[in-house]
Enquirer: 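Got a structure here, written out as structure tokens. Questions coming.
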Amino acid sequence: METTQFPLIISVDDHTVEPPGVWQDRLPRRYREAGPRIVRAPLKEMTFLGGRFKPVMGDPGGTDGPVGDWWVYEDLRRPLTRLDTAVGYARDEVRLEVITYEQMRAGSYDVPARLADMDANHVQSAVCFPTFPRFCGQTFTEAADKELALLCVRAYNDWMVEEWCGPQAHGRLIPLTLIPLWDAGLAAQEVRRNAARGVRAVAFSEIPPHLGLPSVHTDDWDPFLAACAETGTVVAMHIGSSSRMPSTSADAPPAVGSTITFANCCFSMVDWLMSGKFERFPGLKVMYAEGQIGWIPYILERADVVWEENRGWGGVADKVRRPPSELFAEHVYGCFFDDAFGLRNLDSIGVGNVLYETDYPHSDSTWPKSREVGEAQMGHLPADVVRRIVRGNAVELLGLTGDGLWGGA
């Protein structure tokens, strides 16, 4: 690089582990027994094969197995696991196991501790995806009581804006909110409610039909997409936000899925490029968290060829009137934390379409060496390009202050 000073990082994909009181402190009293709450209990069994995570909780106070903290909500039993918060542990010590809050790094759920860990990692600001609600609020979408589920979505968003990203964060934590995915009209209302208090990013599913929801090729999502376009709210899609991690067979080990995590992003991006939504909603922006970027050049090349040669019978001639690569350049952002190949092919992606992330506190996180990883992989790039990737593009996309902070409403 042309400078010895690596820019302060704005990470567009970190995670929060919600403190125990997020819902119990905010739900109406009549809903608290059914709403999300923490129970300490043993693990009876747990598997993670073929992209499917299946834990079974033992009786609280029992001795069936190792003890962990579990989220209990309606019929759901979901434990905190080491994969939720692996930073601070050697790679070989990170296993699929249940843990308690005391066994995780405090920065996972505590704002002052998070800011300290960001300082240690050369990170100025960060966008944080949820843990218990899952990456786009699938937990509440699957719930039986939709009145309670809507209250849970709103309670999470209030906690995200007012506490996690509140005054003690000093503008360094950037809010990412949820929507009630089961109702696009309610989703639009929630986007506008949060946009009025300065939120510029909302979580969404990479492949909604995997959740039993309409695809982006329908008109069902138009109220939500219109609200996002009108308010400048970015549609943020994290790998796994379709509740299916890519895999090849029911008995494939997690390493298979971990290698091809980008696949859902790839499929999703082609959906969006061929949907006509970017031409219907010119202000719409989408981003792919943790999808990496090395795969993007070929997909754009292939999409352009298909659009040029096959659009007559391909079902897109009447709604996609420009080459997909042009639509990508104006509407889509790829996010990476470790992708030397993608950075070597940056010209085929676009400097303005790439964002940096650290994935704290997950097992893939580059913490506390995100700066060193960035310096090693971006060393061939001019300083102004590095600055755009590491922070400049995020400032522009998320409406941050010139100093890279969230300013609120």
Side-chain angles (χ1 to χ4, degrees), residues 10-16 18-19 22-23 25-26 111 114-115 118 124-141 149-181 183-205 221 223-238 241 281 283-289 331 333 335 355 357 391 393-409:
I10 297 177
S11 174
V12 295
D13 171 32
D14 285 359
H15 299 265
T16 178
E18 298 81 17
V22 169
W23 290 277
D25 293 346
R26 290 168 182 77
V111 171
R114 172 60 66 92
L115 299 184
M118 289 164 62
Q124 179 187 31
S125 307
V127 174
C128 296
F129 283 81
T131 297
F132 170 70
R134 312 219 296 281
F135 294 143
C136 67
Q138 304 102 296
T139 296
F140 304 124
T141 303
L150 180 59
L151 291 172
C152 286
V153 168
R154 290 175 174 166
Y156 176 87
N157 291 342
D158 290 345
W159 170 79
M160 168 62 61
V161 174
E162 298 166 7
E163 291 199 32
W164 185 252
C165 302
Q168 65 175 340
H170 306 293
R172 297 180 62 188
L173 295 173
I174 304 162
L176 172 75
T177 52
L178 303 177
I179 55 168
L181 288 162
D183 188 312
L186 290 175
Q189 292 177 22
E190 191 64 12
V191 167
R192 291 191 169 94
R193 181 176 83 95
N194 291 306
R197 47 185 178 174
V199 176
R200 291 295 178 267
V202 63
F204 190 65
S205 175
W221 293 108
F224 163 66
L225 299 180
C228 290
E230 291 165 11
T231 60
T233 300
V234 181
V235 178
M237 294 169 282
H238 195 284
S241 57
F281 303 103
L284 193 61
K285 308 282 187 181
V286 305
M287 58 172 266
Y288 288 100
H331 299 275
Y333 294 78
C335 312
L355 305 168
E357 58 184 51
R391 58 182 292 112
N393 290 337
V395 168
E396 180 179 338
L397 179 65
L398 298 170
L400 306 181
T401 69
D403 293 332
L405 302 174
W406 180 60

Enquirer: In chain order, what residues pass the ring pair (Phe, Tyr, Trp, His ring centres under 6.0 Å) check against Phe132, with sequence neighbours excluded?
Expert: Trp23, Trp71
Enquirer: Run the side chain to side chain contact (heavy atoms under 4.5 Å, CB included) check on Leu398 and Val234 step by step: do they pass?
Expert: CA-CA 7 Å; Leu398 298 170; Val234 181; 4.2 Å; yes
Enquirer: Is there side-chain contact between Glu18 and Pro130, with at least one heavy-atom pair below 4.5 Å?
Expert: yes
Enquirer: Does any non-hydrogen side-chain atom of Asp13 lie less than 4.5 Å from one of Cys335?
Expert: no
Enquirer: Can any side-chain N or O of Ser205 pair as donor or acceptor with the backbone N or O of Ser241 at less than 3.5 Å?
Expert: yes
Enquirer: Thr231 side chain to Arg192 main-chain N or O, any donor-acceptor pair under 3.5 Å?
Expert: no
Enquirer: How long is the straight-line distance from CG of Leu397 back to CZ of Arg200, given to the nearest 0.5 Å?
Expert: 11.5 Å
Enquirer: Got a second to check how far Glu163's CD is from Thr16's OG1, nearest 0.5 Å?
Expert: 11.0 Å
Enquirer: May I ask you to test the Val127-Asp14 pair for a side-chain heavy-atom distance under 4.5 Å?
Expert: no
Enquirer: Between Asp183 (side chain) and Gly185 (backbone), is there a donor-acceptor pair under 3.5 Å?
Expert: yes
Enquirer: Would you say CD of Glu396 has more than 12 non-hydrogen atoms from neighbouring residues, nucleotides or ligands within 6.0 angstrom?
Expert: no
Enquirer: Quick one: pull up CG in Leu176 and NE2 in His238 and give me the separation to the nearest 0.5 Å.
Expert: 10.0 Å
Enquirer: What pair of heavy atoms forms the shortest contact from Pro223 to Ala184, and how long is it?
Expert: CB-O, 4.0 Å
Enquirer: With side-chain contact (heavy atoms from CB on, under 4.5 Å) as the test, pick out the partner of Leu225 among Val286, Thr233, Val191, Leu284.
Expert: Leu284
Enquirer: Would you indicate whether the side-chain heavy atoms of Tyr333 and Tyr288 approach each other to under 4.5 Å?
Expert: no
Enquirer: Quick check: closest heavy atoms across Arg134 and Gln138, and the distance to 0.1 Å?
Expert: CB-OE1, 3.1 Å
Enquirer: Taking all non-hydrogen atoms of both residues into account, name the closest pair between Ala155 and Arg26 and its distance.
Expert: O-CD, 3.4 Å
Enquirer: Does some side-chain heavy atom of Met160 sit less than 4.5 Å from a side-chain heavy atom of Leu173?
Expert: no
Enquirer: If you define the side chain from C-beta out and look only at heavy atoms, does anything of Leu400 sit under 4.5 Å from Leu405?
Expert: no
Enquirer: Indicate yes or no: does Asp158 engage Arg193 in a salt bridge with an N to O separation below 4.0 Å.
Expert: yes
Enquirer: Under the ring pair (Phe, Tyr, Trp, His ring centres under 6.0 Å) test, which residues partner Phe204, sequence neighbours left out?
Expert: Trp221, Phe224
Enquirer: Without swapping roles, check the side chain of Trp159 against the backbone of Asp25 for a donor-acceptor pair under 3.5 Å.
Expert: no
Enquirer: Are the side chains of Glu162 and Arg197 in contact, using a 4.5 Å heavy-atom criterion?
Expert: yes
Enquirer: Working to the nearest 0.5 angstrom, can you tell me the gap between Asn393 CG and Leu355 CG?
Expert: 6.0 Å
Enquirer: Determine whether Leu186 and Leu150 satisfy the following criterion, side chain to side chain contact (heavy atoms under 4.5 Å, CB included), listing intermediate values before the conclusion.
Expert: CA-CA 9 Å; Leu186 290 175; Leu150 180 59; 4.2 Å; yes
Enquirer: When you look at Leu115 and His170, which way does the side chain to side chain contact (heavy atoms under 4.5 Å, CB included) test go after all the steps?
Expert: CA-CA 9 Å; Leu115 299 184; His170 306 293; 4.1 Å; yes
Enquirer: Quick check, are the ring centers of Phe135 and His15 under 6.0 angstrom apart?
Expert: yes
Enquirer: State, with a plain yes or no, whether a side-chain heavy atom of Glu190 is found less than 4.5 Å away from one of Thr177.
Expert: no
Enquirer: Please report the closest heavy-atom contact between Arg114 and Cys128, naming both atoms and the distance.
Expert: NH1-SG, 3.3 Å
Enquirer: What distance separates Leu178 CG from Thr139 OG1, expressed to the nearest 0.5 Å?
Expert: 9.5 Å
Enquirer: Which heavy-atom pair separates Ala169 from Trp164 by the least distance, and what is that distance?
Expert: CB-O, 3.6 Å
Enquirer: If you look at every heavy atom in Leu181 and Cys136, which pair is closest and at what distance?
Expert: CD1-O, 3.3 Å
Enquirer: Please identify which of these residues, Cys165, Ser11, Ser125, meets the side-chain contact (heavy atoms from CB on, under 4.5 Å) condition with Ile174.
Expert: Ser125
Enquirer: Does any donor atom in the side chain of Gln124 or Arg172 lie under 3.5 Å from an acceptor atom in the other side chain?
Expert: no
